[in-house]
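Inspection log for the structure reproduced underneath, given as structure tokens.
The figures here come from the full heavy-atom set of this structure, side chains too, leaving out hydrogens, waters and symmetry mates. Proteins get letters first, then strands, A, B, ... in listed order; numbering begins at 1 in each.
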There are 2 protein chains.
Amino acid sequence: MSGPTIYDVATAAQVATSTVSRAFSQPGRVSADTRERILAVAAELGYRPNPHARALLSGKHHTVAMVVSDITNPHYFDLIRGAELRARVSEYTLLLVNAEESPRVEWEQIQRLSPAVDGFVLAASRLPDENLQQVAAQRPVVLMSRELPGLASVVLDHVEGCRQIVAHLASLGHRDVLYLSGPRNSWMAATRWAALRAAAEQVGISARRLGPFTPKVSQGGAAADGAVNAGATAVVAHNDLLAIGVMQRLAQRGLRVPEDVSVVGFDDIFAADVCSPGLTTLGGAHVDVGRAAVELLLTAGVRAPDDQPRVLLPTELVLRASTGPCR
Amino acid sequence: MSGPTIYDVATAAQVATSTVSRAFSQPGRVSADTRERILAVAAELGYRPNPHARALLSGKHHTVAMVVSDITNPHYFDLIRGAELRARVSEYTLLLVNAEESPRVEWEQIQRLSPAVDGFVLAASRLPDENLQQVAAQRPVVLMSRELPGLASVVLDHVEGCRQIVAHLASLGHRDVLYLSGPRNSWMAATRWAALRAAAEQVGISARRLGPFTPKVSQGGAAADGAVNAGATAVVAHNDLLAIGVMQRLAQRGLRVPEDVSVVGFDDIFAADVCSPGLTTLGGAHVDVGRAAVELLLTAGVRAPDDQPRVLLPTELVLRASTGPCR
DNA sequence: CACCCCGAGGCAATGGGTTGCCACATTGTT
DNA sequence: AACAATGTGGCAACCCATTGCCTCGGGGTG
């Protein structure tokens, strides 16, 4: 069933298994021609080391698990891709796990995988702080799009990004921004609201909040109605999906974007570019977030537990047609 | 570093390791109170079996690898999700691998993972037939969106789907369809073209082909120009990304969709619903494709090599605003 | 009371690769 | 010429869970 083992190679090459093992892992430890003979035999037999057997003794699995809270959100694609790319450079396997927006599923999967991976990258984890700390006690952990003191994290600089959003809207004459908030247990939602409010205060305009909303297109209707009812001239939605839903509902109610209402999203997903009108949104190099997170994880061993880095990556406000002068 | 082992549990519960093992896997084999004691101790210690050690002896890894040719294509999301859901039901781990559109990368990753997984699900594999057969000789394989005699596969019924597309266009008065083809080595592209041509012949209209094109938005421009030059009234693009690119370019050149040209895509990705005009596209239950593929893989052991099923799932033509009466 | 059967638990081999330690041979040192 | 240093390869324990086989003791049968 399975391929040849190190024993088969050893027999065929007339050496001990230990010699075969060293021929691969410690090239200097065996003589040149012995090594050559072993490699030739191994190639001929199609030998490939069994990762399980290796992991059993060394405790190193050469595998990192990435847990995403909802794999259907297009925003994660770039994160996944970046993580995958970085993992492959080091010949690590990336195990992708979908938490289906459920903290329970997320927790169970992490517990199940814990003995089999070298660490976890958690994207927008929905777990409460205590659980994150428990995980971190077992295995190295890097958070994406979330922060927690004592844990390594990679996030886009939303403080600066929200300042850009507010400055943009203010320069268009808006005196008020309405944030359509994300889920209650989302760290991101809290962070964005705080940053928007601070930025608004700084430039002297008002900031209000509505929600929470599940950040999906389908929730955009309710969010849009709330925004209209609140008399908003500019809304900032928790993410692009929600923003697109908002725009759909506004169009349905006969309101024009951006003439009547300006709309801003977060993430710069592909659909933000093709929807109509094009969505102004706060993007960033999400591939680099994924890359940086795995990078931190792979170098986690050399850092002290109380020296966990917080990596902040720059955002980029992508201007499209959904924002315009205040009516 | 790592968690407690079965030895720790055995010591703490004053029994042999074999008894602990059996307490978990063969409940009837140990007495009720011994079992209870062991489970209590294990829970207290936070014991979880090491999957590697288990896999080493049994040869079963409880892991399937899913290889996608390009993870940035939104079309794969549902496939991934379906595969993930089905795998989790059986407590299998889904290993997601991105081939980056490179047959070489795809091949290397498969070879590397082969000793560590129970089988492969290959989504729109770019590997040549011979390589697929080699993989299948090592491990159970299920293809998605591709067929090869002798290998299990799950695909949407494109023959019927293309008939629906052609019937739809013909009923709008179109006497000609132009297929904007996908990559040269894509099985899907060949299949769609053959099905379109057959369907066109059946209803008595003409079918032409242009391409190949890399199925990305950026390639839509060239495809659109070619279509205009060919005087097409109805184009069928290899997938939604290409179709969206085509529509962007048509708009840029002042041509109206669908008044001047009707456009049809494949896959029904999220963006097809939000772009403007909405894209008529051939969708289907992609989640079920993913689900069925893993299902086949998990039951692969019980089938003879010459009895590999071809699963055909229904398509659904989603009508939106991008198709209309022939000018 | 002798014998058998059955339930319950332990011993030890197993899987595939890694690594500390030892053995042997060759070459160099005094 | 006797001995040390260095280079190569082998032996065997180890990682952790599983499982075939054995043992021991209690209850039932004749």
Cut-off 3.5 Å, side chains only: do A:Thr5 and A:Tyr47 have a donor facing an acceptor?
-> no

Rounded off to whole Å, could you give me the CZ-to-C1' distance for the B:Arg22 and C:dG9 pair?
-> 7 Å

Between P of D:dA17 and CG of B:Asp8, the distance in whole Å | 9 Å

Please state how far atom CG in A:Leu56 lies from atom P in D:dC14, giving the value in whole angstrom units.
-> 14 Å

Are OP1 or OP2 of C:dG10 and a side-chain N or O of B:Thr19 less than 4.0 angstrom apart?
-> yes

If you fit an axis to the five pairs at each end of the helix from C:dC1-D:dG30 to C:dT30-D:dA1, how big is the angle between those two axes, to 10 degrees?
-> 60°

Given D:dG9, C:dG17, C:dG9, the nucleotide with the shortest approach to the side chain of A:Asn50 = C:dG17

Atom CG of B:Leu57 to atom C1' of C:dG17: distance rounded to whole Å?
-> 15 Å

Nearest non-hydrogen partners of B:Arg139 and B:Ser114, listed with the distance | NE-O, 2.8 Å

Once you round it to whole Å, what is the distance between P of C:dG16 and CG of A:Leu45?
-> 14 Å

Can you find a donor-acceptor N/O pair under 3.5 angstrom joining the side chain of B:Ser18 to the base of C:dC11?
-> yes

Specify whether B:His52 and A:His52 have parallel, tilted or perpendicular ring planes, treating 30° as the upper limit for parallel and 60° as the lower limit for perpendicular.
-> tilted

Value in whole Å for how far the C1' atom of C:dG16 lies from OH of A:Tyr47 = 8 Å

What is the distance from CD1 of A:Ile6 to C1' of C:dT18, rounded to the nearest Å?
-> 8 Å

Of the candidates D:dG10, C:dG17, C:dT19, the side chain of A:Pro49 sits closest to C:dG17

For the residue pair A:Ser31 and A:Arg35, confirm or rule out a side-chain donor-acceptor distance under 3.5 Å.
-> no

Compute whether any side-chain donor of one residue and acceptor of the other, for B:Ser125 and B:Glu106, lie under 3.5 angstrom apart.
-> yes

Candidate nucleotides D:dG10, C:dG9, D:dC16, ranked by approach to the side chain of B:Val30 - the nearest | C:dG9

Going 5' to 3' along nucleotides 22-27 of chain D, which nucleotides have protein heavy atoms under 4.0 Å from the base (write B), which only from the sugar-phosphate (write S), and which from neither (write -)?
-> ------

Side chain of B:Thr34: nearest nucleotide among D:dA17, C:dG17, C:dG9?
-> C:dG9

In whole angstrom, what separates B:Arg37's CZ from C:dG9's C1'?
-> 11 Å

Quick note, salt bridge (Lys or Arg N to Asp or Glu O under 4.0 Å) partners involving residues 112-133 of chain B, not counting sequence neighbours, are B:Glu101-B:Arg126, B:Asp129-B:Arg146

Are A:Val311 and A:Val155 close enough that some pair of their side-chain heavy atoms sits under 4.5 Å apart?
-> no

Should we say atom CD of A:Glu36 is surrounded by more than 12 heavy atoms from elsewhere, each under 6.0 Å from it?
-> no

